[in-house]
Amino acid sequence: MSESTTPSSTVLLRRGEVHSPADPFATAMVVERGQVAWVGSEGAADAFADGVDEVIDLDGALVTPAFTDAHVHTTATGLALTGLDLSGAPSREAALALVRDFAAARPDDRVLLGHGWDAARWPDGQPPTRAELDAATGGRPLYLSRIDVHSAVVSTALLDLAPGGPARGDGPLTGDAHHAVRAAALGAVTPAQRAGAQRAALAHAASLGIGTVHECAGPEISSEDDLTGLLRLSAAEPGPRVIGYWAEQDVDKARELGAVGAAGDLFVDGSLGSHTACLHQPYADAGHTGTAHLDAAAIAAHVVACTEAGLQAGFHAIGDAAVSAVVEGVRAAADKTGLARVRAARHRIEHAEMLTPETVAALAELGLTASVQPAFDALWGGGDGMYAGRLGAERARTLNPFAALLRAGVPLAFGSDSPVTPLDPWGTVRAAAFHRTPEHRVSVRAAFTAHTRGGWRAIGRDDAGVLVPGVPADYAVWRTGELVVQTPDDRVARWSTDPRSGTPGLPDLTPGRDLPVCLRTVVGGRTVFVRPGE
């Protein structure tokens, strides 16, 4: 496969499998002026062969719509890719050894940046102390975000750089103290380092067949310069599209920054791992109910302002009390502006992990898109996972009920929340189809749709995310095994290769099988990734 494809090229792809609702048996596709122009059979493709700029022999490969990751922190993802990764550290001692080695290898870094530690998975359950971090770094500034990015451990030297002098207790920093040290750490990153991290993240996304990312920026997460710089970079250089969200209750600021919504990680609460998600009942392993940042009245006012301004509103809500506040607030906004206007605005709720039948029904009634992360369940679900430790087994089993959301008609958009969990689209689809709680599983086809078309629908585009004539030519080419179709009576265990089903096939994602390998990613007709050797 060559790398010459540009938006102005006319390209014929043939001798493969094209995943298209326009023709479930398609083996060829024509792309013209950045759009899909035709899909069909190999025999019919001969009519196009002489009138195209390039012919790509797929050699049996699968062509699908490119994935959309509906919740990404791009710069943080790039910094995690280029910085210290602690996600594989099996113990506190191992994490400290990695910190020592990293500090020795990066003598010129103004601040040492790392991510991914999770004390809940370590034998002693304890994060590194500040004294241990000071010793490991030789007294240099260090910021280590927990895997959920809602708390961090830092060195004394970083505390000295943070404005306001955050509390110097020995435990992980959360809330305002965490925001202060994160701002200090990111403030030490130069514009060139930031752009390099953004390029690294977008290149990695492209290598995984991701054509669009929804950047969830905000004043407590990144910075205005970070968002505007990322949007400029995305517009100027080949790579995945970036759709920007700005998490602040300032509609004019969001529009000024080029965001499509004053939304994303506009925090109603925190996270379960850091004990900051807001619950109706106390944590099983802590004597409190977490932290609330916005009440229903503030949520209602924001939704009204966004609806009237023609922008999306959206909220980070994980705990059941936080989700209840969002429902109450959006319903109050609908009472003021009219339900039809609120539904048409396609406001969002991010994460929405702790749901009840009543809140699921309310999300459907209010037209809220649930931007959710199936990898959370894969990482923290199950009877002995972090969720069960924080909430107890009974409450933990209710988390991330994707099947109930689909049955109720709630629009789903899948994402990773990278760097909280890695960019991994097929792994995300697998996690939803093989949810640790069987009643919450959805079909591979439904999960794939939520990770492709769902992200486009979440920004108000119902005409994209599929391979049919007239849509943007955002697609990925995959090396994969036999394609299968799930049968209606068993969404997970029963598979069919019978072509009479008339349904486009997808890879068999049964756990233990290899995931598809991306060979090429194209965005708007422009090739943004080709695997070396292809």
Side-chain angles (χ1 to χ4, degrees), residues 70-71 214-220 227 243-269 278 292-352 354-372 404-406 408-413 415 453-464:
H71 193 118
H214 295 184
E215 165 65 16
C216 292
E220 296 178 345
L227 175 59
I243 307 299
Y245 287 91
W246 182 250
E248 189 174 10
Q249 292 175 275
D250 186 335
V251 171
D252 293 335
K253 176 61 67 62
R255 179 176 281 121
E256 174 189 326
L257 296 176
V260 301
D265 274 332
L266 185 52
F267 294 117
V268 179
D269 68 345
C278 190
H293 298 295
L294 293 176
D295 61 17
I299 292 166
H302 187 61
V303 172
V304 169
C306 288
T307 302
E308 292 180 343
L311 291 178
Q312 287 180 287
F315 306 92
H316 165 119
I318 287 179
D320 49 3
V323 174
S324 295
V326 171
V327 166
E328 183 182 347
V330 178
R331 183 168 284 138
D335 290 341
K336 182 171 182 178
T337 65
L339 178 59
R341 289 186 67 192
V342 164
R343 288 178 59 88
R346 302 198 187 189
H347 302 307
R348 298 170 54 144
I349 182 168
E350 307 295 324
H351 314 308
M354 292 186 70
L355 297 167
T356 65
E358 293 74 22
T359 50
V360 168
L363 298 187
E365 172 199 353
L366 298 168
L368 292 175
T369 294
S371 169
V372 294
L405 288 165
L406 279 181
V410 177
L412 293 185
R453 197 170 189 180
W456 284 95
R457 287 172 168 168
I459 61 169
R461 289 284 301 274
D462 292 332
D463 61 336

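As the structure is a prediction and not an experimental result, all values here were calculated from the model. Just so you know, residue 1 is the first one in the sequence shown, and it goes up from there.
With H347 as the fixed residue, the side chain to side chain contact (heavy atoms under 4.5 Å, CB included) test singles out one of V326, V342, T369: V342.
Counting non-hydrogen atoms of other residues, nucleotides and ligands closer than 6.0 Å to NZ of K253 gives a total above 12.
Rounding to the nearest 0.5 angstrom, the gap separating the CD atom in E215 from the CG atom in D265 is 9.5 Å. Atoms CG and SG, from L227 and C216 in turn, are 10.5 Å apart once rounded to the nearest 0.5 Å.
Nearest heavy-atom pair across P411 and L368 is CD-O, 3.5 Å. Contact between T359 and T356 at its shortest, heavy atoms only, is OG1-N, 2.8 Å. Between A404 and V360 the shortest heavy-atom distance is O-CG1, 3.7 Å. Taking every heavy atom of both residues into account, A70 and S371 meet most closely at O-OG, 3.7 Å. The two residues A364 and V410 have their closest heavy-atom pair at N-CG2, 3.6 Å. For the residue pair Q312 and A458, the shortest heavy atom distance occurs at NE2-O, 2.6 Å.
Between the side chain of E248 and the main chain of A254, no donor-acceptor pair closer than 3.5 Å is present. In this structure, the side chain of R346 does not engage the main chain of G367 through any donor-acceptor pair within 3.5 Å. At least one donor-acceptor pair under 3.5 Å links the side chain of T337 to the backbone N or O of A333. Remark: side-chain polar atoms of Q249 are not paired, donor with acceptor, to backbone N or O of A301 under 3.5 angstrom. With hydrogens and angles ignored, the 3.5 Å screen pairs a side-chain donor or acceptor of D269 with a backbone N or O of I318.
Listed by first then second residue, pairs satisfying ring-ring contact (aromatic ring centres under 6.0 Å, His included) with a partner in residues 312-337 read H150-H316, F267-H316, H302-F315, H316-H351, not counting sequence neighbours.
With sequence neighbours excluded, no residue forms a salt bridge (charged side-chain N to carboxylate O under 4.0 Å, His left out) with R457.
Residues D295 and E328 have side chains not in contact (no heavy-atom distance under 4.5 Å, counting atoms from C-beta outward). Taking the side chain as every heavy atom from C-beta outward, L412 and L406 approach each other to under 4.5 Å. Between L311 and R255 the shortest side-chain heavy-atom distance falls below 4.5 Å. Looking only at side-chain heavy atoms (C-beta outward), V330 and I349 stay at 4.5 Å or farther from each other.
Looking only at atom types and distance, the side chain of R348 has a donor-acceptor partner in the side chain of H214 under 3.5 Å away.
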